[in-house]
Each structure stands twice: as C-alpha cells, then as structure tokens.
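Right, one structure below, let's go through it.
Predicted, not measured: the structure shown is a model, and the values here were computed from it. For the numbers below, each heavy atom of this structure counts, side chains included, while hydrogens, waters and symmetry mates do not. Position 1 is the first residue of the sequence, and the numbers go up from there.
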Amino acid sequence: MTGIFNRIQTRIFGFFVILLIAVQAISFSITFFANKRLEQQQLSNQLSVAELVFKSDYGKRHYYLSAFAETAAKDFGLKDIFIDNDSRSFLVALNNHRKRINADLAIAVDRHGTIIGELVLNTDVQDLGKVKVGPEQGQAFRYPLDAGLENTNPLYSLGENIYQIKFAPLTSGAGNVIGWVGFGFIIDDALAKSLQLHTGLNAGFVATQSGADNQFFGLSGEALNSADNVAVSDFIANGLVNEDYVLWHEPLGVVDEKQVHAFMFQTRYDVLESFQKQWLQQLGLILLMLPISLLLAFFISSGVTKPIKLLIEQARYIAKGNYNSKVQVGNSVEMQLLAEEFTVMQQAILSRESEIAFQAYHDPLTKLANKNELKRVTSSWFNNKSAVAICLIDIKRMTEVNGTLGHVVGDEVIKEIGKRLSSFDNIDLVCHMTGDEFALAFKAISPKELRGLMSELQKSIEAEYRYQEISLHLQLSIGISFVHYPSDLETLLRQADTALQHAKKNRLDQQIYTQQIDGNTLERLQLINELKSAIDNGELVLFYQPKLDLKLKKVTHVEALVRWQHPDRGMIPPDLFIPIAEQMGQMNALTHWVINESLEQYLKWKSQDIELCIAINISAENLKDEGFCQYVLDLVTHKGVPIDVLTLEITEDAVVSDPENAIKQLTVLKKSGLKLSIDDYGTGYSSLAQLKQLPVDELKIDKSFVQNLMVNQDDRIIVNSTLQLAHNLGLSVVAEGIEDEGALNWLIERGCELGQGFYLSRPLDADKITDWLANSPY
C-alpha cells in the first residue's frame with residue numbers, strides 16, 4: 001500500500017484530485033455567495049419597485065382627483081344650478097362630472113356646511129356600477145369649511161368603504177366661496193390587484209386602531225391567512241421584520257380615528273423561487289463536472305508519469321554540474337519542446353551563475369576584484385602564515401574632479417587608475433574597494449621591495465591623463481601595512497587605513513603603519529571612556545613650570561600644565577588625553593577646571609606671600625564657545641584675582657583654523673586687561689599679516705628652536721629674527737626649552753623677557769614648586 005502512494009502517478013493524480021476538489025469548492029463558494037448577493041439585491045429591488053409603483057399609481061389618482069375637482073368647481077353651469085338651489089338638477093350635473101373620471105364618490109357642500117349633493121357608485125354585486133344618493137345627503141358636513149378644506153385629509157370613509165378624495169371651492173363672480181365640491185376613488189380590491197400586477201407582490205390596505213383588531217380591506221387576493229396576518233400586522237404596528245417575508249408598507253392617513261396603511265408582501269420563497277431553481281442547476285453542474293474532472297486527472301497523470309521520470313533523471317544529472325548535456329524526455333511535440341526549453345534553461349542558469357559569481361567578487365565599474373575577492377584570495381595566505389602586505393591607495397583631489405567635471409569624468413579617472421595599477425605584474429591582486437580607494441595585496445614582499453614598487457607606481461600614476469581634451473594630473477596617497485601574526489585581513493586593512501589617513505593628514509605620499517601613528521589603539525579607546533569621569537572624580541592635577549624674568553633673574557611667572565593621575569595607569573601626560581578631550585567635546589570642561597584650579601592656587605600662594613603670575617593654555621575649541629570669554633572674566637572677578645595675573649596661551653594653529661572668530665574673542669579679553677600669548681610660535685602656519693592683527697602681548701618661541709640653540713646656527717638665526725620681530729611689534733618674548741646655561745645667557749644678551757626649560761626646572765606640583773622657590777637662586 002505504501003508503494004502505491006509513493007508512485008509518481010498516484011501523487012500526481014492525488015494532487016489533481018485535491019486541486020479539482022479545491023477548485024470546485026471555490027467555485028461552489030463563489031457561486032453560493034454570488035447567489036446570496038443576488039438574492040439580497042433581488043429583494044431590495046423588489047421593495048424599491050413596490051414603493052415606486054405604489055407612489056406612481058396612488059399619486060396619479062390623487063392628481064386626477066385634484067385636477068378634476070378644480071375643473072368642476074370652475075364650471076359656470078354647475079355654479080348656476082348650485083346657486084338656484086335646484087337639488088335634482090344639481091345632482092344630475094354633479095353626476096355628469098363624476099362620470100368624466102369615473103369617480104366612485106361625488107360630494108357638494110354649501111357654504112353653511114350642509115351636504116346638498118352626495119352621489120356614491122354602488123359596490124353591491126346586484127347593483128354594481130349604479131349610482132345612488134349617499135346616506136349623508138342633507139346632513140352636516142363632517143369637516144370644517146375653511147380655506148384648508150382642499151388640503152384636508154385625503155381619506156374619506158362612507159359606510160364600510162374608504163375613499164381617496166379631493167375638494168375644490170366653488171366661488172361666485174365676486175370671488176366669494178359659496179360652497180365646495182369633491183370627488184373620490186374607492187380604495188378597494190381593484191387598486192390592490194393593480195399594484196400586484198405591476199409589482200408581483202400581494203397588496204392590500206389595512207385600518208389599525210389601538211386596542212382593536214386590524215381591519216383588512218382592498219386585498220389583491222384571498223383573505224390573509226394567519227401567518228401572513230401576523231407578519232403584516234407586526235411589521236406595520238412595531239416595525240418587526242419577518243425573515244421569511246418581503247414586506248413594505250406606507251401610511252396613508254387617519255380616518256375615523258383609524259390609521260390607514262397600504263401594504264405589499266410576499267414570502268421570500270416565492271420571490272426567490274427562480275433563483276433557487278438556477279442555484280440547483282449550478283450545483284448539479286458542479287457535481288456533474290467533478291467525476292469528469294477526476295477522470296481527466298487520472299489520464300493526465302498517467303500520460304505525464306513517464307516523461308517526468310526521464311526529466312528527473314536529467315535533472316539529477318544537471319544538478320551534479322553537468323550543464324552541457326542535451327535534455328530528452330519523450331517523443332511528443334510538447335515533450336520535445338519541454339526538453340528544448342529545459343536545455344535553454346540550464347544554459348541560462350550556467351550563464352547567470354557565472355555572471356552572479358563575477359558580480360559577487362568584482363567591482364562593476366572597474367571590473368577589478370572587490371573586497372569579497374580580496375578575502376577569498378588572501379584566506380589561504382593567512383592560513384599559511386605568508387608575509388602578507390596590504391596597500392590602500394586614495395586618489396587625491398577626487399572630490400574636486402567630481403564637483404568640477406562631474407561624476408562621469410570621476411568614474412573615467414577611477415577606471416584609468418585601475419588600468420594603470422593592473423599593468424604591474426608584481427602585484428598579486430588589485431582591488432577597487434569603494435569610491436576612489438584601491439587596495440593592493442602582496443603575498444610575500446619585503447618592505448624595501450615594496451617601497452621601490454610604490455615609487456614606480458607613483459610615477460606611472462602621475463603620467464598625464466587626458467579625457468576629452470582635459471588634462472588631469474593624478475596623485476595618490478598610500479597607506480601600507482605588513483602582517484604581524486597573529487593577525488587577519490580586517491586587522492591589516494584597518495592598519496593600512498590608519499597609515500593612509502596619517503599620510504593624507506600630514507601631506508605624505510606614503511606611510512607604513514606603526515603603532516606610534518595609530519590613534520585607535522585599545523588603550524586610547526579606554527582613555528576616551530574614562531576621561532569624563534576623570535574630570536568629575538578629581539583625578540586631574542596641575543603641575544607648574546617656572547618662568548624666569550631674564551632681566552630681574554627672578555621667577556615671576558609659572559605655566560600651569562594639567563596631568564591625569566589615573567588610579568590604575570599612574571600619571572598620564574597631556575599629549576595623550578588632550579587630543580581626546582578636543583575630539584570628544586570635553587575641552588571646555590577641561591579648560592574651565594584648569595582656570596578655576598589655577599586661580600585657587602594663586603590665592604593660596606598669595607596667602608603665603610608668594611606672588612606668581614600664571615599662564616594657562618587654551619585651545620581652538622574654547623574660542624569656538626561664544627560664552628568662553630565671559631566665563632573667564634566672570635571667574636576672575638568672582639575670585640577677586642587681579643586681571644593681569646592671568647595669561648592665556650593659544651597656539652598658532654588654533655588661530656589659523658578660524659582667524660576671524662579668534663581675533664574677535666581675543667579682542668574681548670585684551671580690552672578687559674587680560675594678557676594673551678601666542679604659544680609654540682614658529683611651528684604653525686600663521687602669516688605675518690595675521691600676527692599683526694592678533695591682539696596679543698607676547699610670543700612664545702617653540703622649544704624646537706631653543707633646545708639646540710648653541711649648536712645650530714639656523715636656530716640662532718630664527719630665534720634672533722623672532723626676537724627682533726616681536727620687539728618691533730611691541731611684543732614681549734618667552735623662550736621655552738632652555739636646556740643649558742649657554743642658551744640662557746645668549747637669550748639674556750638679546751633682550752628676551754622670559755625663559756623656561758628643564759635647565760631651570762621641570763614642571764612641579766604646587767607643594768614642590770613652593771619648596772623649589774624657597775631653595776632656588778631665582
């Protein structure tokens with residue numbers, strides 16, 4: 001039994017059976033719900049038709065009565081007879097008018113409210129169609145005689161009958177109302193049958209009164225059975241809808257304290273009988289098609305079995321990677337066509353696989369290898385511990401090329417660079433990484449060989465490149481990293497990128513990675529996370545380096561230098577954490593702490609009769625803060641410290657980065673009496689024009705020019721020229737980096753104002769600087 005169910009033919013047949021049953025079930029459901037919707041639509045349409053037909057027929061009767069009553073009231077002959085009070089002649093004339101529209105009731109009332117004429121069409125079987133004088137002849141009229149009589153209740157009861165009636169006033173030549181004339185149609189079986197004929201629904205009329213049985217009259221058929229009576233009565237009285245009926249009613253008015261309604265009804269079965277028959281026919285068709293479809297499914301599954309077996313064998317063969325075979329699965333035209341399409345498909349798969357594989361490992365612009373290919377190729381190199389080297393190459397000024405000439409030209413430049421790099425045979429792999437960045441991979445090459453190759457490569461790239469009469473001079477920045485195991489590709493790429501960024505920052509053509517240039521070491525990351533808490537936790541301390549007044553031979557100033565007393569790492573110099581503070585936006589908090597701590601220390605020394613001016617370093621980040629200057633001035637005032645005690649030192653580079661803002665901020669401090677100094681003068685890029693504009697008081701010559709002053713003629717020339725320049729500009733000079741007595745004496749001879757350096761004293765903490773001053777000859 002299990003073998004039968006495992007056969008392909010059985011499974012295909014079973015699939016078709018399930019599919020056909022599902023299709024038939026869906027078809028049945030669609031048909032069923034469609035019929036339900038059509039039934040609801042039919043019922044809704046039936047009610048709409050009933051309402052339209054009733055309003056049309058009943059409205060026409062009302063219109064005829066109204067129009068004819070007005071016409072009769074204008075008849076002069078009728079008026080004359082009415083005025084002459086000849087009752088017999090008036091009844092004859094009134095009957096003649098009634099005959100014109102075949103009215104069932106005609107009534108005339110004089111101005112005193114007496115019915116002077118009432119003609120009724122007999123409804124008895126034996127006298128049907130004969131006219132007789134009504135029972136109200138000579139009696140008082142039941143409704144008041146006023147202008148509203150013509151708009152009065154359109155229903156009028158007389159005997160057992162109810163009439164639809166309309167009155168019009170009779171007027172004299174002077175326009176006075178002398179009486180009223182009215183005509184009516186009986187509401188009876190004939191009207192109900194007419195409604196049934198037009199709508200297909202049973203019709204009738206009913207008079208209802210609270211506490212009394214309903215009075216049905218004017219029915220289109222036999223008397224209502226009990227079920228019909230209950231359904232119609234509940235619907236009219238309480239609005240209750242019986243789900244087995246189609247019901248409609250319309251209130252016509254009140255007569256003799258009874259509410260008269262027109263109604264139409266029909267059982268849902270009778271209304272939907274044609275739909276039920278159609279539904280049964282559709283269901284029968286579905287049931288008939290099911291076995292026929294199953295039989296066809298059996299034959300189809302039998303015919304498909306053999307070719308499918310052959311196709312499965314061919315598919316298994318192709319799945320093994322044999323894409324060059326020709327598929328054959330049968331002799332029929334259809335199967336041959338299937339085999340041909342299958343062969344085309346396998347060739348298309350082979351082509352797409354090759355294309356996808358190429359796209360996955362190659363850059364679409366240059367067709368060079370991409371990072372995926374770099375990983376794939378170098379994986380075996382790292383596994384074998386080869387001497388791998390990676391070079392990251394960045395094209396200089398590509399932003400300007402793209403911005404000026406457009407990205408189309410930029411793409412052509414990138415493709416040209418790729419061609420020139422690929423022309424070198426001794427490069428193991430050339431990759432285009434992203435944008436204007438390339439990577440070169442070497443399996444085994446020495447640093448010396450690589451440097452020589454990079455020089456050749458630079459020459460090749462710098463050869464003129466012309467694009468559409470545009471001559472471009474191409475240049476590269478190169479970052480190089482050699483593997484040091486344990487390592488991997490990602491580490492080597494990161495190191496090469498670090499070297500590349502260092503080369504770009506320092507305007508170098510190439511740079512080999514070393515730990516000294518790596519600003520992203522684990523230790524630095526840890527310091528970044530710990531610096532903020534260091535400020536908050538009081539881990540920072542100030543050291544002070546004395547400044548000697550070279551004329552007085554006395555220490556009059558100190559420079560405040562911040563240090564980080566790390567609880568685990570010990571003393572951390574500022575060169576390590578100051579750049580972090582600048583990058584992480586903590587420079588303002590750090591400078592605020594230094595200034596506040598320095599002023600507190602000044603006050604302590606002052607209490608000990610030690611008078612020392614304090615110089616404090618500030619950065620470009622401080623000058624970007626619009627509130628920095630005011631903070632300094634407010635703090636000096638709050639502490640009660642003389643303004644000339646404080647000197648702020650700022651580097652040339654900080655001024656160059658935003659000279660307009662720097663001059664604005666420094667001018668505010670200068671006008672307040674604060675002393676300003678240019679730090680590390682000679683190492684930056686400031687021009688003499690900028691120096692002339694800066695509101696500073698002194699220049700501080702960088703220690704790189706002072707340390708070897710006595711052995712380097714060029715340094716002596718630079719320092720001497722700087723002294724003369726500063727003095728000519730009215731500035732004082734501080735020389736830092738004094739390492740020997742000869743340099744000290746040389747500076748004294750040339751009028752340098754202040755000096756500092758290890759020859760005088762290294763930076764000391766506040767307690768030690770006090771002891772040093774007590775024992776120093778200065």
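Two residues are said to be in side-chain contact when any heavy atoms from C-beta on lie closer than 4.5 Å; Phe185 and Ile101 meet this criterion. His362 is not listed as a side-chain neighbour of Leu368, based on a closest heavy-atom distance of 4.5 Å or more. In this structure the side chain of Phe54 reaches within 4.5 angstrom of the side chain of Leu252, judged on heavy atoms. Under the 4.5 Å side-chain criterion, counting only non-hydrogen atoms from C-beta, Val92 is not in contact with Leu94. At least one side-chain heavy atom of Thr171 sits under 4.5 Å from a side-chain heavy atom of Lys79. In this structure, the side chains of Tyr156 and Leu105 come closer than 4.5 Å at one or more pairs of heavy atoms. Side-chain contact check for Leu247 versus Val232: some heavy-atom pair is nearer than 4.5 Å. Under the 4.5 Å side-chain criterion, counting only non-hydrogen atoms from C-beta, Asn122 is not in contact with Val131.
Applying the salt bridge (Lys or Arg N to Asp or Glu O under 4.0 Å) test to pairs two or more places apart or on separate chains, those with a residue in residues 53-64 are Glu51-Lys55. Counting only residues at least two apart or on different chains, the salt bridge (Lys or Arg N to Asp or Glu O under 4.0 Å) pairs with a member in residues 356-372 are Lys371-Glu490. Sorted by first then second residue, the side-chain hydrogen bond (donor to acceptor under 3.5 Å, both in side chains) pairs that include residues 89-102, not counting sequence neighbours, are Asp75-His97, Asp86-Ser89, Asn95-Arg98, His97-Arg100.
Panel note: side chain Gln164, backbone Tyr58; a donor-acceptor pair is recorded below 3.5 Å. Put simply, the side chain of Gln139 gets close to the backbone of Pro135: a donor and an acceptor are under 3.5 Å apart. Checked by atom type and distance alone, the side chain of Asp104 pairs as donor or acceptor with a backbone atom of Ile186 at under 3.5 Å. For the pair Thr71 (side chain) and Ala67 (backbone), a donor-acceptor distance under 3.5 Å is present. Looking at Ser66, its side chain never comes within 3.5 Å of a backbone N or O of His62 through a donor-acceptor pair.
Checked against the 6.0 Å centroid criterion, the rings of Phe68 and Tyr64 do not qualify as a close aromatic pair.
Residues satisfying the side chain to side chain donor-acceptor pair (under 3.5 Å) test with Lys74, not counting sequence neighbours, are none. For Ser379, there are no side-chain contact (heavy atoms from CB on, under 4.5 Å) partners, not counting sequence neighbours. With sequence neighbours excluded, the residues that form a ring pair (Phe, Tyr, Trp, His ring centres under 6.0 Å) with Phe90 are Phe82. Applying the side-chain contact (heavy atoms from CB on, under 4.5 Å) test to Asp228 and every residue at least two apart in sequence or in another chain returns Leu224, Asn225, Tyr245, Phe265. The ring pair (Phe, Tyr, Trp, His ring centres under 6.0 Å) search around His249 returns Phe235, His261, not counting sequence neighbours. Looking at residues two or more places apart in sequence or on another chain, you find a side-chain contact (heavy atoms from CB on, under 4.5 Å) between Gln266 and Leu201, Asn202, Asp270, Val271. The salt bridge (charged side-chain N to carboxylate O under 4.0 Å, His left out) test applied to Glu437 returns no partner, not counting sequence neighbours.
Distance check: Ile236 CD1 to Thr208 OG1 gives 7.0 Å after rounding to the nearest 0.5 Å. Rounding to the nearest 0.5 Å places CG of Asp411 at 10.5 Å from OG1 of Thr366. To the nearest 0.5 Å, atoms CZ (Phe205) and CE (Met264) are separated by 8.5 Å. Of the inter-residue distances, the one linking Gln137 atom CD with Glu118 atom CD reads 7.0 Å to the nearest 0.5 angstrom. With values rounded to the nearest 0.5 angstrom, Ser157 atom OG is found 3.0 Å from Asp256 atom CG. The structure places CD of Gln196 at 12.0 Å from CG of Leu191, a figure rounded to the nearest 0.5 Å.
Between Ala73 and Ala168, the shortest heavy-atom contact is CB-CB, 4.0 Å. For the residue pair Ala50 and Thr199, the shortest heavy atom distance occurs at CA-CG2, 3.8 Å. Closest of all the heavy-atom pairs between Leu78 and Ala93 is CD1-CB, 3.8 Å. Ala72 approaches Leu170 most closely through the heavy-atom pair O-CD2, 4.5 Å.
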(Q) Before you tell me yes or no, could you show the steps for Arg268 and Asn242 under side chain to side chain contact (heavy atoms under 4.5 Å, CB included), namely the whole-Å CA-CA distance, both residues' side-chain angles and the distance that decides it to 0.1 Å? (A) CA-CA 10 Å; Arg268 289 173 63 94; Asn242 191 317; over 6 Å; no
Q.
Working note: His432 + Asn370, criterion side chain to side chain contact (heavy atoms under 4.5 Å, CB included); need CA distance, chi angles, decisive distance, verdict.
A. CA-CA 6 Å; His432 182 214; Asn370 59 15; over 6 Å; no
Q: Check the pair Val120 / Leu158 against side chain to side chain contact (heavy atoms under 4.5 Å, CB included), numbers first and verdict last.
A: CA-CA 9 Å; Val120 181; Leu158 193 63; 3.4 Å; yes
**Q.** side chain to side chain contact (heavy atoms under 4.5 Å, CB included) between Asn161 and Tyr163, worked out
**A.** CA-CA 7 Å; Asn161 299 319; Tyr163 297 85; 3.7 Å; yes
Q) Under the ring-ring contact (aromatic ring centres under 6.0 Å, His included) criterion, do Phe167 and Phe141 qualify, and how do the steps go? A) CA-CA 13 Å; Phe167 286 91; Phe141 187 56; 5.4 Å; yes
Q | Stepwise salt bridge (charged side-chain N to carboxylate O under 4.0 Å, His left out) test for Glu70 and Lys166 | A | CA-CA 9 Å; Glu70 292 177 1; Lys166 191 66 180 176; over 6 Å; no
Extract all donor-acceptor atom pairs below 3.5 Å that involve side chains of residues 107-115 and protein atoms in other chains or at least two apart in sequence.
residue	atom	partner	partner atom	Å
Asp110	OD1	His112	N	3.0
Asp110	OD1	Gly113	N	3.0
Asp110	OD1	Thr114	N	2.8

What donor-acceptor contacts under 3.5 angstrom involve side-chain atoms of residues 210-221, with partners at least two apart or in another chain?
residue	atom	partner	partner atom	Å
Asn214	ND2	Ser233	OG	3.0
Gln215	OE1	Lys258	NZ	3.1
Ser220	OG	Ala203	N	2.9
Ser220	OG	Ala203	O	3.2

